[in-house]
Amino acid sequence: MQELIDKIERRAARCGVIGLGYVGLPLALEFSRVGFRVVGIDLDEGKVQAIRDGRSYIVDVSDEEIARPVREGKFSATTDFSVISELDTINICVPTPLRKTKDPDLTYVVSAVNEIRKYLRPGQLVILESTTYPGTTEEVVRPALEASGLEVGQDFCLAFSPERIDPGNPNFGTRNIPKVVGGVTARCTEVAQHLYEASVDTVVPVSSTQVAEMVKLLENTFRSVNIGLVNEIALMCSALKINVWEVIEAAKTKPFGFMAFYPGPGLGGHCIPIDPFYLSWKAKMNGFDARFIELAGHINESMPRFVVERITDALNQHRKSIRGSRIHVLGVAYKAGVNDIRESPALNVMKILADKGAVLSYTDPYIPVVREEGFELDSVPLEAARMKAVDCVVILIAHREIDYDLVVRSAPLVVDTRNALQGCDAPNVIRL
Ligand SMILES: NC(=O)c1ccc[n+]([C@@H]2O[C@H](COP(=O)([O-])OP(=O)(O)OC[C@H]3O[C@@H](n4cnc5c(N)ncnc54)[C@H](O)[C@@H]3O)[C@@H](O)[C@H]2O)c1
């Protein structure tokens, strides 16, 4: 393994990244930025072609950031897994969704690992980055790779390093988010640490793959539970007729012991609504009941219905029902500033409204079309005439590009679930 460390130090190692999505593409570019030759492998021919053409499909990555290393021969993309035999390091960044039953779906990880096994050779380093339950690297990845006849720690290295990227965050990216890494053996940790130290500002080694896996789940469970708590406080404030947003703004002036979380229409994205259930599933398999996770999930999942209740009450004040009302949604992405609609709570709110007979339209500068949950909607431009013509506008995601003054001036009724209209006391505005 010393040979691999030397290659990494000389930037002569050839790096591979499997799965070129929100996590894998920025990671691959970071490796190439510091001088490694990088190959990205993805099943999606569209993404591979986009990379070859120097076209980005991720908001945080510019076309030029892809085009330059591709031009310079430092970065290439393929759908052909046989390139693995030429690689020194392989990072796995494939999806880890939940099944409908909320059980972990490791299909993508297993399929990627099975491809690696076919081409695995002595001297390689394999790192799983996909978020998963503690034990996955040891119990699922290790036996699959060792079925090749090679032994971990002896012939090849295996580690887990959770990805912590926050899409749309202008301050933190792959380079300056500290990277936690835990190997199957101490040598595995050391080799993986060398790879990340080449491209990431801070590397945090831990004693095992299970600890590294658990770190990520603690982080995301912390978010899910705190969002669940603040959502419950919002429901409570609504019953007590207190402005929850004002409460949070004042509470966050405390310089210690408090961290602001905000209520909203529910959790979205590929991480927070999903990852804690990986942990509760594993806990359950070991006879442990993860009560906080289940309770937070329950509250967060109830928020779309609460938002619809607010819209119903608001329309009721105008002697209108949901059925037949024209309701315009602002923001359908799962959070502000991203072009990702996975698990977006906006879809749940829209589904409930559509089932009740609302006539829906939407504006989202990041999501031009919605073809999910039976919807066939295209984003429409935000115009005063359109705002005047609807019965209610509901702000589900507070994209910065939206002209909120125009919305408040023109729409008869605005339900704001994100405090996008902070400070505005217009009589047509109803807050969560
Ligand atoms: N998106 C985030 O903000 C974020 C943050 C931290 C961690 N994560 C975790 O990182 C992992 C990846 O998430 P993502 O958001 O990048 O997903 P993504 O869907 O954006 O990208 C995954 C890519 O993997 C490809 N893929 C699927 N199966 C494959 C296979 N067998 N071989 C090769 N390619 C395959 C898909 O085509 C896709 O391009 C997940 O475990 C997720 O929980 C995501």
Side-chain angles (χ1 to χ4, degrees), residues 16-30 39-51 55-61 66 77-84 87 90-98 104-119 126-134 136-137 140-141 144 160-169 172-174 177-180 200 212-213 215-224 267-279 281 333-344:
V17 175
I18 301 184
L20 296 169
Y22 290 90
V23 165
L25 179 61
L27 181 72
L29 291 173
E30 211 47 56
V39 183
I41 308 170
D42 204 294
L43 298 174
D44 183 344
E45 286 179 6
K47 284 191 178 132
V48 168
Q49 194 54 51
I51 288 169
R55 257 186 304 115
S56 178
Y57 43 88
I58 287 179
V59 281
D60 298 328
V61 176
I66 298 175
T78 179
T79 54
D80 180 3
F81 286 84
S82 68
V83 72
I84 290 171
L87 300 174
I90 301 133
N91 289 63
I92 306 169
C93 306
V94 297
T96 42
L98 284 174
D105 177 1
L106 286 185
T107 325
Y108 302 95
V109 171
V110 169
S111 138
V113 169
N114 285 341
E115 288 294 338
I116 297 172
R117 181 187 48 221
K118 287 188 206 160
Y119 305 103
V126 179
I127 306 176
L128 178 62
E129 294 220 6
S130 304
T131 308
T132 183
Y133 59 81
T136 307
T137 310
V140 178
V141 181
F160 181 84
S161 178
E163 180 51 58
R164 294 161 138 178
I165 200 154
D166 182 19
N169 186 328
F172 292 99
T174 307
I177 300 174
K179 200 94 177 84
V180 171
V200 176
E213 289 158 338
V215 166
K216 175 74 186 175
L217 294 181
L218 168 62
E219 292 166 3
N220 282 3
T221 300
F222 173 83
R223 287 188 62 78
S224 163
L267 297 180
H270 185 37
C271 296
I272 315 292
I274 291 175
D275 303 348
F277 290 101
Y278 267 68
L279 184 53
W281 176 85
Y334 85 84
K335 70 170 178 175
V338 301
N339 64 348
D340 190 349
I341 198 171
R342 286 178 294 179
E343 313 289 328
S344 173

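Order of listing sets the numbers, starting from 1, for every ligand and every atom in it.
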Problem set entry | Atom CZ of R117: over 12 foreign heavy atoms under 6.0 Å |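 Above 12, so yes.
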For this session: Can you establish whether the number of heavy atoms outside Y57 located under 6.0 Å from its atom OH is more than 12?
Result: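 Check passes, neighbour count above 12.
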Of all the non-hydrogen atoms in the protein, which one sits nearest to [atom], and at what distance?
| atom | result |
| --- | --- |
| atom 39 (O) of ligand 1 | D42 OD2, 2.6 Å |
| atom 21 (O) of ligand 1 | G21 CA, 3.2 Å |
| atom 9 (C) of ligand 1 | T131 OG1, 3.5 Å |
| atom 11 (C) of ligand 1 | V94 O, 3.4 Å |
| atom 4 (C) of ligand 1 | C271 SG, 3.3 Å |
| atom 7 (C) of ligand 1 | E163 O, 3.4 Å |
| atom 33 (C) of ligand 1 | I18 CG2, 3.4 Å |
| atom 31 (N) of ligand 1 | S111 OG, 3.1 Å |

For this session: Decide whether D80 and T78 meet the rule of one side-chain donor and one side-chain acceptor closer than 3.5 Å.
Result: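 There is no such pair (donor and acceptor under 3.5 Å, judged by atom type) between the side chains of D80 and T78.
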For this session: Determine, considering heavy atoms only, which of R342, R164, H270 sits nearest to atom 19 (O) of ligand 1.
Result: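 Heavy atom nearest to atom 19 (O) of ligand 1 belongs to R342.
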Problem set entry | Pick from P95, G40, G19: the one approaching atom 27 (C) of ligand 1 most closely through a non-hydrogen atom |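 The option holding the nearest heavy atom is P95.
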Between the main-chain N or O of [Y] and the side-chain N or O of [X], is there a donor-acceptor pair closer than 3.5 Å?
| X | Y | value |
| --- | --- | --- |
| T221 | P276 | no |
| D275 | N220 | no |
| T79 | E45 | no |

Using distance alone, determine whether [X] and ligand 1 share an N or O pair under 3.5 Å.
| X | result |
| --- | --- |
| K47 | yes |
| V23 | yes |
| D275 | no |
| Y22 | yes |

May I ask you to identify, for [X], whether its side chain, its backbone, both or neither come under 4.0 Å of ligand 1 on a heavy-atom basis?
| X | answer |
| --- | --- |
| F81 | side chain |
| T96 | both |
| C93 | backbone |

Atom pair [atom1]/[atom2] of [X] and [Y] - distance to nearest 0.5 Å:
| X | Y | atom1 | atom2 | answer |
| --- | --- | --- | --- | --- |
| L25 | E30 | CG | CD | 11.0 Å |
| T174 | I165 | OG1 | CD1 | 3.5 Å |
| E213 | Y278 | CD | OH | 12.0 Å |

With atoms numbered from 1 as shown, which atoms in ligand 1 lie under 4.0 angstrom from a non-hydrogen atom of [X]?
| X | value |
| --- | --- |
| D44 | 37 (O) |
| I165 | 3 (O), 5 (C) |
| K216 | 6 (C), 7 (C) |

If I compare all heavy atoms of [X] with all of [Y], which pair ends up nearest, and what's the gap?
| X | Y | result |
| --- | --- | --- |
| G269 | I274 | O-CD1, 4.4 Å |
| K179 | P162 | NZ-O, 3.0 Å |
| L217 | T132 | CD1-O, 3.3 Å |

